[in-house]
Visitor: 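Handing you a structure now.
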There are 2 protein chains.
Amino acid sequence: MIVAVDAAGGDFFPKNPVEGSLSAITENDDLTIILVGPEDSVNAELSKHEYDSSRVIVQDAPEIIGMEESPASAVRNKRNSSIVIGLGLHKGGACDAFVSAGNTGALLAASTFILGKLDGVSRPTIAAYYPTLKGFRLIVDAGANLEIRPEMAYQFSKMGQVFCEQILGIEDPKVGLLNVGEEDEKGTDELKEIHNHLKSLEGFIGNVEGRDIFSGKADVYLTDGLVGNIVLKLGESIPATIMTLVKSAVEKLDMEVEQVLAAQKILKTAMAPFNYETVGGIPFLGVNGVSIVGHGGSTPLAIKNMIKGAISCVQNDVNGKIVSSLN
Amino acid sequence: MIVAVDAAGGDFFPKNPVEGSLSAITENDDLTIILVGPEDSVNAELSKHEYDSSRVIVQDAPEIIGMEESPASAVRNKRNSSIVIGLGLHKGGACDAFVSAGNTGALLAASTFILGKLDGVSRPTIAAYYPTLKGFRLIVDAGANLEIRPEMAYQFSKMGQVFCEQILGIEDPKVGLLNVGEEDEKGTDELKEIHNHLKSLEGFIGNVEGRDIFSGKADVYLTDGLVGNIVLKLGESIPATIMTLVKSAVEKLDMEVEQVLAAQKILKTAMAPFNYETVGGIPFLGVNGVSIVGHGGSTPLAIKNMIKGAISCVQNDVNGKIVSSLN
């Protein structure tokens with residue numbers, strides 16, 4: 001198993017990608033990592049650690065794609081960036097997967113362009129993990145396709161279901177269409193059309209509302225990339241919001257240090273399901289390869305878990321199962 | 001000041017509307033309440049309380065509009081419902097405002113139909129309170145118009161700004177357009193068009209993302225009713241979600257009762273900004289009258305605060321200021 005890791009992506013490179021990769025090879029004897037990034041700085045980071053050097057390859061990629069850079073032009077113009085080179089290695093068969101904490105848009109564009117689409121897939125999609133009371137579930141599409149058509153919605157649902165089954169271990173995953181009400185006839189004309197089209201999908205439970213997300217009513221929350229992206233980022237901001245509110249509550253209330261510590265401990269445990277580090281990254285579904293992107297702020301733990309997620313996609317042949325489910 | 005209160009709306013009528021109304025007249029010497037609902041049950045509820053009967057009028061309205069009933073047909077067919085009769089009283093000048101915890105769709109339809117639109121307003125909108133670290137701010141549109149056009153977006157923004165200034169006491173309210181990224185060129189063609197159109201709006205701060213809502217980056221989060229409704233309901237589900245997570249954290253951790261109580265106290269204080277009871281209801285902006293709707297589950301406190309909100313709209317002449325701002 002060979003995974004290429006973007007050593008020039010995210011807010012903390014090369015440190016976090018290097019540390020996450022070394023942690024991954026420690027846990028997995030069959031794993032080799034290709035660190036893709038500016039050779040000198042990657043080697044300088046590696047020299048700080050002791051590791052099995054026979055399982056770590058450095059592939060030079062001197063150009064850096066910034067986190068805010070325009071995806072299309074970055075991919076077009078920076079052929080020596082870690083994203084373009086890393087995905088090229090994957091396309092050429094030099095590795096089984098590519099993971100990155102870099103520019104999501106650039107990764108999606110490059111993944112689609114370089115890896116191509118799976119047989120039968122009309123559009124790749126971003127499936128984002130979302131915390132629920134039942135554990136992480138998926139928001140699909142989480143920002144790749146701002147508008148979706150019925151046949152895209154159907155394919156996205158199918159791909160999300162395969163991912164739920166194979167990677168999250170959910171049997172018979174349920175798909176809910178995010179809408180303003182539960183009744184069939186709710187929503188815009190586009191949503192009604194999508195709803196109608198999804199009726200033939202096994203596991204489709206109909207419309208679900210914003211209040212049904214955290215309860216885990218569905219396993220795949222199907223929506224367009226506009227709603228998905230807004231809902232995703234809103235969700236990501238919840239832990240910090242709660243922590244700020246708790247901090248000012250503690251300042252307001254006159255409480256003993258021990259009580260505050262106890263409350264912090266409870267809250268930390270309670271908010272653990274929101275911790276994206278445990279899942280590490282979100283997959284691009286529908287591309288002809290395994291390409292996983294994580295938060296810009298990914299920690300070494302998050303990167304290690306992204307690598308594990310990628311391995312799991314390869315070992316469970318998620319792509320093969322997507323193709324069979326669609327054809 | 002005379003406010004008509006829907007005594008047949010919400011999940012707990014006539015109890016909660018009656019109790020909330022009596023609490024409101026206790027706090028406000030100049031207030032008279034018209035309780036609109038099935039006479040017998042309203043009187044039966046009133047008989048349980050002591051109150052200044054010279055300031056409480058019961059207006060019979062025997063028909064009940066259910067919470068899940070189709071709005072248009074309910075309003076068309078149930079002319080003797082509390083919503084239709086109450087708004088008719090308001091239209092006729094018998095009261096200054098109407099508040100209800102009933103069927104939101106029916107209320108919006110009836111408010112638009114019976115009260116009509118303010119001069120210059122193309123479409124009324126629902127402005128929902130949303131909790132942020134700076135206090136409640138507005139999501140506009142929160143479900144009345146699933147699709148919006150640039151000129152609607154402009155009017156909704158203006159109306160939201162007037163409400164922020166007059167009712168929330170926010171100076172120079174900032175309007176942010178909910179989008180998938182901050183850059184001007186982000187989003188669908190429709191969003192780009194809206195963005196362009198809003199450039200001439202004083203206080204427009206450009207695109208904002210899902211992560212910017214809780215931080216209170218804007219005062220009015222402008223979006224279409226589809227996104228607004230989903231974001232609103234997602235937000236409303238957060239307190240119960242956090243409470244459930246905290247409960248299972250407490251079960252998992254081995255902690256002393258005192259510690260748990262301390263944590264509960266902190267959390268309760270921390271989550272107070274999410275408590276919709278303090279604002280009570282959300283206004284329909286753009287209708288020619290004051291019509292406020294609350295949660296189906298509104299408590300007496302929430303209903304009292306809806307009544308206070310309605311009084312505030314009348315006293316501050318929110319509608320007059322909306323008309324001047326648009327014309």
Visitor: If contact means a heavy atom pair closer than 4.5 Å, which residues of residues 255-263 of chain A contact chain B?
Guide: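 Only A/M255, A/Q259, A/V260, A/A262, A/A263 of residues 255-263 of chain A have a heavy atom under 4.5 Å from chain B.
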
Visitor: For the atom pair CG (A/N229) and CZ (B/R211), what is the distance rounded to the nearest 0.5 Å?
Guide: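 Going from CG on A/N229 over to CZ on B/R211, the span is 8.0 Å.
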
Visitor: Nearest 0.5 Å please: distance from the CD atom of A/E68 over to the CD atom of B/E182.
Guide: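 Interatomic distance, A/E68 CD to B/E182 CD, rounded to 0.5 Å: 7.5 Å.
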
Visitor: Search all heavy atoms of B/A270 against all heavy atoms of A/A249 and return the closest pair with its distance.
Guide: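 Heavy atoms of B/A270 and A/A249 come nearest at N-CB, 3.6 Å.
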
Visitor: Taking atom CG of B/L226 and atom CG of A/L226, what is their separation to the nearest 0.5 Å?
Guide: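 Result: 8.5 Å between the selected atoms.
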
Visitor: So which bits of residues 127-141 of chain A come within less than 4.5 Å of chain B, counting non-hydrogen atoms only?
Guide: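 Checking residues 127-141 of chain A against chain B gives A/Y130, A/L133.
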
Visitor: For chain B, which residues from residues 185-197 of chain A have at least one heavy atom closer than 4.5 Å to it?
Guide: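 Only A/G187, A/T188, A/E190, A/L191 of residues 185-197 of chain A have a heavy atom under 4.5 Å from chain B.
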
Visitor: Of all of A/L146, A/I242, A/L178, which one pairs up most often with chain B through heavy atoms under 4.5 Å apart?
Guide: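 Ranked by contacts with chain B, first place is A/L146.
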
Visitor: In terms of heavy-atom proximity below 4.5 Å to chain A, should B/S248 be classed as side chain, backbone, both, or neither?
Guide: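 Neither part.
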
Visitor: Considering non-hydrogen atoms only, spot the tightest contact between B/S237 and A/G210 and give its length.
Guide: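 Between these two residues, the closest heavy atoms are OG-O, 4.4 Å.
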
Visitor: Got a donor-acceptor contact below 3.5 angstrom from the A/K233 side chain to the B/V180 backbone?
Guide: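 Judged by distance alone, yes, a pair lies under 3.5 Å.
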
Visitor: Sort B/L267 into side chain, backbone, both or neither according to what part of it lies under 4.5 angstrom from a heavy atom of chain A.
Guide: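 The answer is the side chain of B/L267.
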
Visitor: To the closest 0.5 Å, what do you measure between CG (B/L232) and CD (A/E209)?
Guide: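 If I round to the nearest 0.5 Å, the distance is 10.5 Å.
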
Visitor: By number, which residues in residues 212-219 of chain A have some heavy atom less than 4.5 Å away from chain B?
Guide: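 Within residues 212-219 of chain A, the residues that come under 4.5 Å of chain B (heavy atoms only) are A/I213, A/F214.
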
Visitor: For B/I266, is it the side chain, the backbone, both or neither that has a heavy atom under 4.5 Å from a heavy atom of chain A?
Guide: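 Both parts, backbone and side chain.
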
Visitor: Given a strict heavy-atom distance threshold of 4.5 Å, which part of B/K265 is in contact with chain A: side chain, backbone, both, or neither?
Guide: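 Its backbone and side chain both get close to chain A.
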
